[in-house]
Amino acid sequence: MNLSIIIPLLNEEESLKELQQWIEKVMTANNFSYEVIFIDDGSTDNSWPIIEELSKENQNIKGIRFLRNYGKSQALHAGFAKAQGDVIITMDADLQDSPDEIPELYSMIIDQKYDLVSGWKKKRFDSVVSKNLPSKLFNWAARKTSGVALNDFNCGLKAYKKVVVKNIEVSGEMHRYIPVLAKNAGFAKIGEKVVVHQARKYGSTKFGMERFINGFLDLITIWFLSRFGKRPMHLFGAWGVVMFLIGFLSAGYIGFMKLYRLYDKQSTILITDNPWFYIALTTMIIGTQLFLAGFLGEIILRTKNNEERYKVSKEINL
């Protein structure tokens, strides 16, 4: 099979039929063998009945329905697990991503041997203040922190080799950083393609300004996980030892100076009246806590279970 097209969605009943007709037109024109996997992330409208109807008309249409809304990352995870195509395409269901981009994305993966190609919506039709400017700031921070030279981490239109999606773990709200996850997994050839961004035709966006705040927090998380996720003791343990030694040596120095002054018959004060004693004690306590955090992190890492992050209520053609 040439292509698996994975489409997570939430309450997009107006756009689904039009999107499917558009995809089918592109697939037929290019003679692709394909599957379209719709992941209904807890829609409360008629999205799922429409997916069922489309699947009866075309056996290439497949569906996964979550019991409730779990988030885009979980939807992509479910789609990646089921995908069978040589090239995996992800796109949004709101018609802002154009299926006409798929043949060139496919060619970049197959012919140019990219591991991953991310879309870049260079010209956007979103609000400048509420979306464009925060998005530019977010993408700049992501580039600097991750070392992945992409202009648009948030673009939902991406293409992957099958081996990539089978070897990365998308969880939490990490769908924005799939290119970073791929890089950390060892897939180095990551490209970018300018794609058309279309104005939303139906409904309203499901993401607010909070996605940028969450995005920055996730960026810190992925930076930490990429560097210390497999060895938390290397960070917490090292800082804990340093802090403890600073506090211990400082307390030792305070004690030594106390004894020296007593021996030399100089005036002195109680150690507990010296404010530096409490600073040294606090530093030792913080150092001990950091060391224990690293130690507990190592234990959790070695004993954790891969729990189900979402519940599927129905599947179609899978």
Side-chain angles (χ1 to χ4, degrees), residues 2-9 12 15 18-19 22-23 25-27 29-30 32 34 36 72 76 79 85-162 164-165 168 170 174-183 187-202 205-207 211-212 215 219:
N2 299 131
L3 284 163
S4 290
I5 302 170
I6 297 175
I7 305 175
L9 62 105
E12 298 287 357
S15 63
E18 185 174 339
L19 176 60
W22 195 353
I23 291 173
K25 178 182 175 183
V26 173
M27 296 298 103
N30 290 272
F32 286 135
Y34 72 100
V36 178
K72 188 173 182 178
L76 290 175
D86 297 327
V87 174
I88 315 300
I89 301 289
T90 60
M91 63 188 305
D92 295 333
D94 55 12
L95 294 174
Q96 289 189 287
D97 295 332
S98 171
D100 290 334
E101 306 283 357
I102 292 175
E104 191 170 344
L105 289 169
Y106 177 82
S107 177
M108 291 178 74
I109 297 292
I110 297 299
D111 300 326
Q112 300 180 41
K113 308 300 181 185
Y114 280 99
D115 295 315
L116 184 157
V117 179
S118 181
W120 175 15
K121 295 176 180 176
K122 196 171 183 177
K123 182 179 180 181
R124 304 184 68 98
F125 292 93
D126 295 322
S127 166
V128 173
V129 175
S130 65
K131 281 199 172 183
N132 285 4
L133 290 178
S135 182
K136 288 181 184 297
L137 178 61
F138 167 78
N139 285 312
W140 174 84
R143 282 195 302 274
K144 295 297 182 183
T145 305
S146 68
V148 178
L150 294 179
N151 289 285
D152 191 356
F153 283 81
N154 272 320
C155 181
L157 185 57
K158 291 181 172 67
Y160 312 81
K161 280 184 181 176
K162 182 179 180 180
V164 175
V165 303
I168 57 174
V170 187
M174 294 300 177
H175 58 272
R176 303 175 183 89
Y177 302 111
I178 292 179
V180 183
L181 297 174
K183 178 193 172 187
F187 299 101
K189 193 168 184 183
I190 297 174
E192 189 169 49
K193 178 187 181 300
V194 175
V195 297
V196 174
H197 178 232
Q198 302 185 125
R200 176 179 272 275
K201 191 173 181 179
Y202 305 106
T205 181
K206 309 303 185 297
F207 300 99
R211 73 170 179 164
F212 295 108
L219 186 59

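Small disclaimer: the values here were computed from a predicted structure and weren't measured.
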Distance check, rounded to the nearest 0.5 Å: [X] atom [atom1] versus [Y] atom [atom2]?
X	Y	atom1	atom2	result
Asp97	Trp22	CG	CH2	9.0 Å
Glu18	Leu95	CD	CG	5.0 Å
Leu19	Glu12	CG	CD	9.5 Å
Ile88	Tyr106	CD1	OH	11.0 Å
Asn139	Leu150	CG	CG	8.5 Å
Leu76	Tyr160	CG	OH	6.5 Å

Mind listing the closest non-hydrogen atom pair of [X] and [Y] along with its distance?
X	Y	value
Glu192	Asp152	OE2-N, 3.4 Å
Ser4	Gly85	OG-N, 2.7 Å
Pro179	Lys158	CG-CE, 3.9 Å
Val26	Pro99	CG1-O, 3.7 Å
Lys189	Lys113	CD-O, 3.3 Å
Ala159	Ile89	CB-CD1, 3.5 Å

Worksheet entry | Pairing of Asp115 and Lys161 as salt bridge, 4.0 angstrom limit |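 Lys161 and Asp115: salt-bridged.
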Worksheet entry | Qualifying residues under ring pair (Phe, Tyr, Trp, His ring centres under 6.0 Å), relative to Tyr34, sequence neighbours excluded |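 Here no residue qualifies.
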Item to complete: Apply side chain to side chain contact (heavy atoms under 4.5 Å, CB included) to the pair Asn151 and Lys122, showing each step before the final yes or no.
Response: CA-CA 8 Å; Asn151 289 285; Lys122 196 171 183 177; over 6 Å; no
Practice prompt. Kindly indicate, with the supporting measurements, whether the criterion side chain to side chain contact (heavy atoms under 4.5 Å, CB included) is fulfilled by Val148 and Tyr177.
Written response: CA-CA 10 Å; Val148 178; Tyr177 302 111; over 6 Å; no
Keeping the roles fixed (side chain from [X], backbone from [Y]), state whether a donor-acceptor pair exists under 3.5 Å.
X	Y	value
Lys121	Leu157	no
Asp94	Gln96	yes
Thr90	Gly156	yes

Item to complete: Before giving the answer on side chain to side chain contact (heavy atoms under 4.5 Å, CB included), spell out for Met27 and Val36 the whole-Å C-alpha distance, their side-chain angles and the decisive distance to 0.1 Å.
Response: CA-CA 11 Å; Met27 296 298 103; Val36 178; 6.0 Å; no
Discussion item. What verdict does the side chain to side chain contact (heavy atoms under 4.5 Å, CB included) test give for Asp100 and Val196, after you've listed the backbone C-alpha separation in whole Å, the side-chain angles of each residue and the deciding distance to 0.1 Å?
Written reply: CA-CA 9 Å; Asp100 290 334; Val196 174; over 6 Å; no
Item to complete: Report yes if the side chains of Ile178 and Leu116 come closer than 4.5 Å at any heavy-atom pair, otherwise no.
Response: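 In contact.
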